[in-house]
There are 2 protein chains.
Amino acid sequence: MSVATVSRTLAGNYPVSDATRARVTAAVEALHYVVNVHAKALSGRVAGPVALVLQDITGPSLAHVAAGAEQEAAARGRLSLVCATHSDQDREDDLVQLMREQHAAAVVLVGGAVLDDGYQARMAEYARALDAAGSRLVLCGRPPLPGDLPVTVVEYDNRGGAFQAVDHLLGAGHRRVLFLAGEPLNTSAEERRTGYRQALRAHGVDYAGELDIPGPYTRVSGYQRTRAALDEGLDFTAVFAGTDVVAVGALAALREAGLSVPGDVSLVGFDDVPFAADLTPALTTVRVPYEDLGRTAVRLALERENRLAGDDHVVLGTQLVIRQSVRPPK
Amino acid sequence: MSVATVSRTLAGNYPVSDATRARVTAAVEALHYVVNVHAKALSGRVAGPVALVLQDITGPSLAHVAAGAEQEAAARGRLSLVCATHSDQDREDDLVQLMREQHAAAVVLVGGAVLDDGYQARMAEYARALDAAGSRLVLCGRPPLPGDLPVTVVEYDNRGGAFQAVDHLLGAGHRRVLFLAGEPLNTSAEERRTGYRQALRAHGVDYAGELDIPGPYTRVSGYQRTRAALDEGLDFTAVFAGTDVVAVGALAALREAGLSVPGDVSLVGFDDVPFAADLTPALTTVRVPYEDLGRTAVRLALERENRLAGDDHVVLGTQLVIRQSVRPPK
DNA sequence: CTCCGACCAGTAATCGTTTACCGAGCGGCG
DNA sequence: CGCCGCTCGGTAAACGATTACTGGTCGGAG
């Protein structure tokens, strides 16, 4: 029996007699035969995997994006490669190169990025290099790139979310809102800052630079910045944390200082991570549809593969979830 | 210039004149050339990827295992495929088949499993099939298989961890400890139950079946089971939750019933997820080295690849983290 | 009885690399 | 001056599948 016969039998789209079909399946059983993807990919084409590139898998929001993306990829018969960069730019460069070699269908860069000098040129380079290799670059949770690049962008409304959060605080009567921002130049952080300032302006409150404190989106940074603000005697009655994780740190610092939340200080977060509702007090925060974000990113990239049509820019909305960490100032 | 020259130049392990090297690199630049992994894999060998198979990426403990595994894999130059099964056995079967085709170096099954009738036969089948395809099956967070199978097992001390937790409660004077177990036949759950019972015996306390309540490791189940126990008027002064997430649900139910933790009821969890310390009260729980678990799983599997030697069974220890959710009964 | 078409199976080219083997050019040494 | 060996580049086989093309067998129709 020739290899051609076996191949056709397994493919199933060619007339094969029942006798040979039986012989083939029997041999497959006996020899534990499995096709070799590499060989298969070389001739008839195999659908490429989806690559998920993120800073850290354990971050609650990033994990949800990854979960959504994996789910969508699996539903479309793709495997998902997930890679952590730990904010290492060289690693990201390597990964893009690797994914070209792997013939990934899509390379999804997840999460905000620091918008430094080389950023846009680097992304443009990624987009072109991946496009030339037949892969699609997807930016997920970061803003679009200028120019006409082969890239798909799926973002969410950071500015609007922040606006809602701060509007809620100001609507309750607060005027001095400490903003625990993100890192300087971080795209998400900047957009949230814009929302913060717009809400301030909408309520006729002057922006006070000393209340806008940058720092990483981590628990300990939230704790330290809040603690420092308290030690400096900064005047504020509410805190808008750039992230729920930061809010948790802030909560710890406030409590440690003998301040009650929301009795003395109100607190709003961002992300609506699963445990936000389980804090004491339950955290009022901005819900971001993270799983949707991941699903949409993969869906758009994979839809592009076939027909040329299709969106290549989507903005998902956010939603303020009111719980129990906000109260009018005393 | 022949392809052979190009290949050798790029490989770099063959004498090539500077002139040709320059020509090659120039052409690579100009044509945006990248090697094709599939072709490469067909001839000279390419190191296979690591496959991480877990129920759900967003579970805090599973995410940490995945992060550790990905990190170790990346450090060894491997890509990581991550796949969610959502507890679907057929999907798991498909995945094992897929990974054979992919020539994965290791297939890591992460998290406890339900030990039903077919379980061991199925795992044995996986182990043999993967072994025949040159892959290594790794069981991560579940017990070893009987018999002499080509499988690597990396587990942690569920029984010992549960013992420590319950011992701590009993040592504080509690005698009626509600156990919010896992699902019936789930390996982790059964081991934790064993630890619970052993601790009881060690303190001369009789095991009371009505205090041992099975259910899924979810927040809502923790809430519902605690609520039901309260409604039934069950007598208990402490709760040992099979998981921190379950503990969170229990905490909500207790609080809703007007009971203070740890004033009226003490509470211990399991896992030490990141937010455990941020609950009110900070949760006393059992720390499991999840990242280590993932790293070790990948390390052992990959070490096997070369030399035949190496461990194929490791048990990692757990550690009781005492915080503020336990107090002697009134 | 012959011829044609349907049905089935084999031959060989192809995908993109790697690498064993071969051979050409050339410099040094006897 | 001739031979040897080193340097460097080409030829071709192999990896494992898919598939166009070819060809053989058999049944039915003319």
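Below, chain A is the first sequence line, B the second, and so on; all start at residue 1.
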Residue pair V138(B) / A297(B): nearest heavy atoms and the distance that separates them:
CG1-CB, 3.7 Å
Would you please say whether a donor-acceptor pair under 3.5 Å links the side chains of Y126(A) and D93(A)?
yes
Donor-acceptor under 3.5 Å (H32(A) side chain, V28(A) main chain):
no
So how far is it from M99(A) CE to S135(A) OG, rounded to the nearest 0.5 Å?
9.5 Å
Partner residues of A47(B) under the side-chain contact (heavy atoms from CB on, under 4.5 Å) criterion, sequence neighbours left out
R78(B)
Check against salt bridge (Lys or Arg N to Asp or Glu O under 4.0 Å), R91(A) and D94(A)
CA-CA 5 Å; R91(A) 174 73 181 150; D94(A) 292 348; 5.4 Å; no
Strictly below 4.0 Å, heavy-atom distances to any atom of DNA chain D: list the hits from residues 100-107 of chain B, or just say none.
none
Taking the side chain as everything from C-beta on, heavy atoms only, tell me whether V82(B) gets closer than 4.5 Å to S80(A).
no
Contact state string [nucleotides 12-19 of chain D, B base, S sugar-phosphate only, - no protein heavy atom under 4.0 Å]:
---BBBBB
In chain order, what residues pass the side-chain hydrogen bond (donor to acceptor under 3.5 Å, both in side chains) check against E72(B), with sequence neighbours excluded?
R76(B)
Among side-chain atoms of Y290(A) and D271(A), is any donor-acceptor pair under 3.5 angstrom?
yes
Please determine whether a side-chain nitrogen or oxygen atom of S17(B) lies at a distance below 4.0 Å from atom OP1 or OP2 of dG9(D).
yes
At under 4.0 Å between heavy atoms, what does V37(A) touch on the DNA or RNA strands: base, sugar-phosphate, or nothing?
nothing
Using atom CZ of R21(B) as one end and atom P of dC8(D) as the other, report the distance to the nearest whole Å.
9 Å
Which angle, rounded to 10°, do you find between the first-five-pair axis and the last-five-pair axis of the helix from dC1(C)-dG30(D) to dG30(C)-dC1(D)?
70°
Salt bridge (Lys or Arg N to Asp or Glu O under 4.0 Å) filter on R100(B), not counting sequence neighbours, yields none
